[in-house]
Amino acid sequence: MINIKENIKSVEEFNLLYDDVGWGAYDDNITQKALDNTFYSVSAYDDNKIVGYGRIIGDTICFLYIQDIMVKPEYQGNKIGTMIMNKLLEKINEIKQENPDLRVYLGASKNREEFYEKFGFIKRIDADLGYGMILNK
Ligand SMILES: CC(C)(COP(=O)(O)OP(=O)(O)OC[C@H]1O[C@@H](n2cnc3c(N)ncnc32)[C@H](O)[C@@H]1OP(=O)(O)O)[C@@H](O)C(=O)NCCC(=O)NCCS
């Protein structure tokens, strides 16, 4: 059975998943800093084995970003990504009680938009907003 834990800051598990989904892990000291500065995260386990992860970064009240949603390839398609997103959205709803104007962003990888649309995310362009942008140098 899959179980979810909050705020586990394991460099080893994070980098393992990063490699597994093909993104190429950061150096351990970089990952450590990234996890230290993470507002909230959820890790999914099959028994004690890490199989999924997702985190929220941001200023904790006005702007939050969902980041690094990863499910181990052999576990994909079993709603683990959904469990992770739902848990992150629970936390986001708590923050919304404090600040109803909270804005929540994410940068979807190419062709992953449909996955996030299931949780209420829309493409900025469909809301008549500009594109999201990324520094290219
Ligand atoms: C994208 C990812 C997190 C989805 O996790 P998952 O556990 O496989 O997804 P789920 O089983 O919870 O799927 C939920 C729904 O999203 C859909 N979905 C899953 N992956 C999708 C994708 N890549 N594109 C479009 N829809 C997708 C499923 O078909 C399912 O639809 P349904 O509810 O109508 O049945 C996972 O495939 C993954 O880790 N991919 C590699 C890393 C990655 O790209 N992360 C996202 C970065 S933006």
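Each ligand, and each atom within it, is numbered from 1 in the order the structure gives. In what follows, residues are counted from 1 in the order of the sequence shown.
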What do you reckon, is CD of Gln76 surrounded by more than 12 foreign heavy atoms closer than 6.0 Å?
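Count over threshold, so yes.
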Just jot down the ligand 1 atoms closer than 4.0 angstrom to any heavy atom of [X], in number order.
X	result
Asn111	24 (N)
Tyr116	46 (C), 47 (C), 48 (S)
Glu114	25 (C), 26 (N)
Met70	39 (O)
Asn78	11 (O)
Ser109	47 (C), 48 (S)

Kindly indicate, with the supporting measurements, whether the criterion side-chain contact (heavy atoms from CB on, under 4.5 Å) is fulfilled by Phe14 and Ile50.
CA-CA 9 Å; Phe14 182 93; Ile50 185 77; over 6 Å; no
Is the side chain of [X] donor-acceptor paired with the backbone N or O of [Y] at a distance under 3.5 Å, no angle test?
X	Y	answer
Asn99	Lys96	no
Arg124	Gly130	yes
Asn15	Thr31	no
Asp27	Ile30	no
Lys5	Ser43	no
Ser109	Arg112	no

Kindly determine whether Tyr40 and Glu6 satisfy side chain to side chain donor-acceptor pair (under 3.5 Å), including the steps that lead there.
CA-CA 7 Å; Tyr40 177 77; Glu6 297 169 277; 2.8 Å; yes
Enter the distance from Glu94:CD to Ile92:CD1 here, rounded to the nearest 0.5 Å.
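Rounded to the nearest 0.5 Å, the CD-CD1 separation comes out at 10.5 Å.
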Which of these, [options], has its nearest heavy atom closest to [atom]?
atom	options	result
atom 19 (C) of ligand 1	Phe115, Tyr53, Tyr18	Phe115
atom 37 (O) of ligand 1	Met85, Lys110, Gln76, Glu113	Gln76
atom 32 (P) of ligand 1	Glu117, Lys72, Lys79	Lys79

Does the N or O separation between [X] and ligand 1 drop below 3.5 Å for any pair?
X	answer
Val71	yes
Gly77	yes
Ile69	yes
Trp23	no
Arg112	yes
Gly81	yes

For atom 29 (O) of ligand 1, is there a protein heavy atom at a distance under 4.0 Å?
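Looking at atom 29 (O) of ligand 1, one finds that no protein heavy atom lies closer than 4.0 Å.
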Is there a protein heavy atom less than 4.0 Å away from atom 2 (C) of ligand 1?
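Protein heavy atom within 4.0 Å of atom 2 (C) of ligand 1: absent.
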Name the closest protein heavy atom to atom 17 (C) of ligand 1, giving the residue it belongs to and the distance to 0.1 Å.
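Residue, atom and distance for the closest contact: Lys118 CE, 3.6 Å.
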If you have a sec, work out which protein heavy atom is nearest atom 14 (C) of ligand 1 and how many Å separate them, to one decimal?
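Answer for atom 14 (C) of ligand 1: Thr82 OG1, 3.3 Å.
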Do the ring planes of Tyr105 and Tyr65 sit parallel (below 30°), tilted (30 to 60°) or perpendicular (above 60°)?
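Because their plane-to-plane angle is under 30°, the rings of Tyr105 and Tyr65 count as parallel.
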Close approach, Tyr75 and ligand 1, non-hydrogen under 4.0 angstrom
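Not so, Tyr75 does not reach ligand 1.
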Residue pair Ile8 / Tyr45, side-chain heavy-atom distance below 4.5 Å
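Side chain of Ile8 against side chain of Tyr45, heavy atoms only: contact under 4.5 Å found.
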